[in-house]
Amino acid sequence: MAENESRKWIILVATIWIQAFTGTNFDFSAYSSELKAVLGISQVQLNYLATASDLGKALGWSSGLALMYMPLWSVMFVAAFMGLVGYGMQWLVILDLLSLPYFVVFFLCLLAGCSITWFNTVCFVLCIKNFPSNRPLALALTVSFNGVSAALYNLPAISLNPSSTHIYLLLNAFIPLITSIASLVPILRQSPVNPLPSNGIKQEQLIFVVLNFLALITGMYLLFVHSPDSSTARVIFAGAILLLVLPLGIPGIIYARDWFQHKLFSSFALQGSGFLLVDADDLDFHKEFLSRENSQINVTSYAVNGDGPTLTLSLTRIIGTGGDSEQACCGKIIEKDQLFMLGEEHKAGMLVKRLDFWLYYLAYFCGGTIGLVYSNNLGQIAQSLGHSSMTSTLITLYSSFSFFGRLLSAAPDFIRLKFYFARTGWLAIALVPTPIAFFLVAASGNEVALQAGTALIGLSSGFIFAAAVSITSELFGPNSVGVNHNILITNIPIGSLVYGFLAALIYDNNAAAGKATSSLIQMMTDTAVCMGRKCYFSTFIWWGCLALLGLVSSVLLFLRTRPAYERFEQNRRTNLLA
């Protein structure tokens, strides 16, 4: 039993490694300027390459299809070889060792982006299979490490060749393959997971608290400990690897925990911690409780099918006739087709008819996605503002704060007993820094403003990326989360194309204007480079306004879903006390 327990924690550590070293899309801005110069393409064409990488994420369904016919370890290695080919051939192109037409490079970017989603699928399956009782905690922890990839890759890049940017492509090609080899043995030695007693679930949750603390230390280390010197960077990278290996001590804790569990848990209670997103038993109780609220609810149908009882509820709300017209109008917007119960399963057809989904879609589209596009353009942004030497620093800053944002997405679960707030409310709060950051960078292009804005955008987008799976599960049903979340993230390639095209168009227009006046322009081979604040000023204003639109959308989503969250939490606590 203890051996099986230790194996699943080793698998969790292996999953952390996979996530930490496969977020290769986050360092695109490190080599994008050099790739643009070698290919002799415009900023608009470069944006299409970034979009191709993001478009690969929309093909994530293919990994699920592959799992129906292939073992998990083989899916992992297919992902590794897709990245090897996608990034490896781009590296050869930058070195002028291989000449490829633009459409082939576009396909290579698409292939590289697809490899990331295949790795993510492997990690999701490992977490769900090995931690069924604490699935949300396992997913939140491992997904967080995907955001720190760029900061990790920055260290070996400086160690090998601090003056070269194409080294990132070489690292992107081989490190995920090496990580897959290192993770192979734990994956092959998976053992069946036995159901845990309630006490075992609480012990497991405590270990996740420790692991989150270690993750926080890792993020702080990568953010504050850095050096442009090659030899020092090697030492720092070795320290980062040590921090990633440190959780392997967890199996030892598993063997020893029986010795001190009574003393420890007598002073550390985790009853009703609320780590589970939407527990099936809680939902059943929730539905039964609602059926008794005859003053508010009319039960229209109750049917039993193969999946269990299905309760169809229609809510009759009493809206006062008094008040002014503005309040009545706002009330209609908030009340119309309002979600009444968390965890109700939504098929794709039902999902796209819900106003709540489109508010959620717009909030993600104008929040997390716009932050991702900003990170893709960091290389050109730093170059245009005369801070090219800061590119690697900005990438590390964005990556580290994205990591912190992802870790913070689990905070609502840890503080649930002391302070409960709807997860859609946390989403709205997480969107606040994004417009502030864009207007700050637009107002001042100095180093401090650029670093502060990058940190805020990374923090905000990281929280949104990590919290999205939980929110999708809660609002539209845990059993349909796979399909529904894939529908949600179609906004990523769309946003990458639209936002990136807007930025690239403004950039190229300013570059052309500068060329005509013999200012604001440098020539790198056949590629025009725009210099000055005006290159991205209008883009930052547009992005800031769109981020405000996303914030408004998230606030409306919160107001519409808050009653459902409060009702669910009240009923959950009542159930615990019963």
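No hydrogens, no waters, no symmetry mates; every other heavy atom, side chains included, goes into these values. Predicted model, so just to flag it, every value in this text is computed and none were measured.
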Novice: Residues in side-chain contact (heavy atoms from CB on, under 4.5 Å) with Ile429, at least two apart?
Specialist: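 Only Phe421, Trp426 meet the side-chain contact (heavy atoms from CB on, under 4.5 Å) criterion with Ile429.
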Novice: Regarding Ser384 and Tyr536, is there a side-chain donor-to-acceptor distance under 3.5 Å anywhere?
Specialist: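 Side chains of Ser384 and Tyr536: no pair found under 3.5 Å.
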Novice: Verify the distance criterion only: is there a donor paired with an acceptor across the side chains of Thr24 and Tyr168 at less than 3.5 Å?
Specialist: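 No, no side-chain donor-acceptor pair sits under 3.5 Å.
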Novice: Measure the CZ-CD1 distance between Phe106 and Ile41 for me, rounded to the nearest 0.5 Å.
Specialist: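 Phe106 atom CZ to Ile41 atom CD1 measures 11.5 Å (nearest 0.5 Å).
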Novice: Any donor-acceptor pair under 3.5 Å linking the side-chain atoms of Thr142 with those of Thr15?
Specialist: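 The criterion, which ignores hydrogens and geometry beyond distance, is not satisfied for Thr142 and Thr15.
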Novice: Is there a side-chain contact between Cys366 and Tyr499, using heavy atoms and a 4.5 Å cut-off?
Specialist: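 The answer is yes, as the side chains (C-beta and beyond) meet within the 4.5 Å cut-off.
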Novice: Could you verify whether a donor N or O on one side chain and an acceptor N or O on the other, from Asn154 and Thr396, lie under 3.5 Å apart?
Specialist: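 There is such a pair (donor and acceptor under 3.5 Å, judged by atom type) between the side chains of Asn154 and Thr396.
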Novice: Would you compute the distance between atom CG of Asp27 and atom OG of Ser399 and round it to the nearest 0.5 angstrom?
Specialist: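 Going from the CG atom of Asp27 to the OG atom of Ser399 covers 9.0 Å.
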Novice: When you measure from the side chain of Ser53 to the backbone N and O of Ala50, does any donor-acceptor pair fall under 3.5 Å?
Specialist: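 Pair absent, no side-chain N/O of Ser53 close to backbone of Ala50.
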Novice: Measure from the side-chain N and O atoms of Tyr48 to the backbone N and O of Phe501, and report whether any donor-acceptor pair falls under 3.5 Å.
Specialist: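 No; judged by distance alone, with no hydrogens or angles, the pair does not exist.
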Novice: Would you call the rings of Tyr364 and Tyr360 parallel, tilted or perpendicular if under 30° counts as parallel and over 60° as perpendicular?
Specialist: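 Taking Tyr360 first and then Tyr364, their aromatic rings stand perpendicular (interplane angle over 60°).
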Novice: Roughly how far apart are Asn146 CG and Asn120 CG, rounded to 0.5 Å?
Specialist: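 Reported value, rounded in 0.5 Å steps: 5.5 Å.
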Novice: Is there a side-chain contact between Leu243 and Leu214, using heavy atoms and a 4.5 Å cut-off?
Specialist: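 In short, these two side chains do not touch, never coming nearer than 4.5 Å.
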Novice: Would you say Asn510's side chain and Lys534's backbone share a donor-acceptor pair under 3.5 angstrom?
Specialist: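 Yes; at least one donor-acceptor contact below 3.5 Å.
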Novice: Would you call the rings of His166 and Trp91 parallel, tilted or perpendicular, taking 30° and 60° as the class edges?
Specialist: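 The arrangement is tilted - the two ring planes meet at 30° to 60°.
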Novice: Which atom names give the shortest non-hydrogen contact between Arg423 and Ser409, and what distance separates them?
Specialist: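 Between these two residues, the closest heavy atoms are NH1-O, 4.0 Å.
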Novice: My understanding is that only one of Phe26, Phe145, Phe465 makes a ring-ring contact (aromatic ring centres under 6.0 Å, His included) with Phe403; could you say which?
Specialist: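 Option passing the ring-ring contact (aromatic ring centres under 6.0 Å, His included) with Phe403: Phe145.
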Novice: Does some side-chain heavy atom of Phe365 sit less than 4.5 Å from a side-chain heavy atom of Leu546?
Specialist: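 Result no, sub-4.5 Å side-chain heavy-atom pair not found.
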Novice: Of the non-hydrogen atoms in Gly550 and Leu431, which two are nearest, and what is the gap between them?
Specialist: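 Taking every non-hydrogen atom into account, O-CD1, 3.6 Å.
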Novice: Going by the rule side-chain contact (heavy atoms from CB on, under 4.5 Å), which residues pair with Leu223 if we only count those two or more places apart in sequence or in a different chain?
Specialist: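 Counting only residues at least two positions away or on another chain, Leu223 forms a side-chain contact (heavy atoms from CB on, under 4.5 Å) with Leu397, Ser400, Phe401, Phe404.
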Novice: Does the side chain of Thr490 come within less than 4.5 Å of Tyr361's, by heavy atoms?
Specialist: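 A side-chain contact under 4.5 Å exists here.
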Novice: Is the backbone N or O of Leu359 less than 3.5 Å from a side-chain atom of Ser553, with the two atoms forming a donor-acceptor pair by type?
Specialist: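 Flag set: sc Ser553 to bb Leu359 pair under 3.5 Å.
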Novice: Calculate, to the nearest 0.5 Å, the distance between atoms CG and CG belonging to Asp54 and Leu497 respectively.
Specialist: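 So the gap between those two atoms works out to 10.0 Å.
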Novice: Please examine the side chains of Ile541 and Phe439, heavy atoms only from C-beta on, and report whether any two atoms are closer than 4.5 Å.
Specialist: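 Side chain of Phe439 against side chain of Ile541, heavy atoms only: contact under 4.5 Å found.
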Novice: Under a 3.5 Å cutoff, is there a donor and acceptor pairing between the side chains of Thr454 and Tyr374?
Specialist: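 Result is yes, a qualifying pair exists.
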Novice: Is it the case that atom CH2 in Trp73 sees more than 12 heavy atoms from other parts of the structure closer than 6.0 Å?
Specialist: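 Open: at most 12 neighbouring heavy atoms sit under 6.0 Å from CH2 of Trp73.
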Novice: What do the steps show when you test Thr539 against Tyr507 for side-chain hydrogen bond (donor to acceptor under 3.5 Å, both in side chains), and what is the final call?
Specialist: CA-CA 9 Å; Thr539 299; Tyr507 181 98; over 6 Å; no
Novice: Answer with yes or no after comparing the ring centroid distance for Phe224 and Tyr221 against a 6.0 Å cut-off, counting only values under it.
Specialist: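 Aromatic pair excluded; centres sit 6.0 Å or further apart.
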Novice: Does the side chain of Thr22 reach to within under 4.5 Å of the side chain of Thr179, using non-hydrogen atoms?
Specialist: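 No - every pair of side-chain heavy atoms lies 4.5 Å or more apart.
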Novice: So which heavy atom on Val441 is nearest to which on Ala449, and how close?
Specialist: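 Closest heavy-atom pair between Val441 and Ala449: CG2-O, 3.7 Å.
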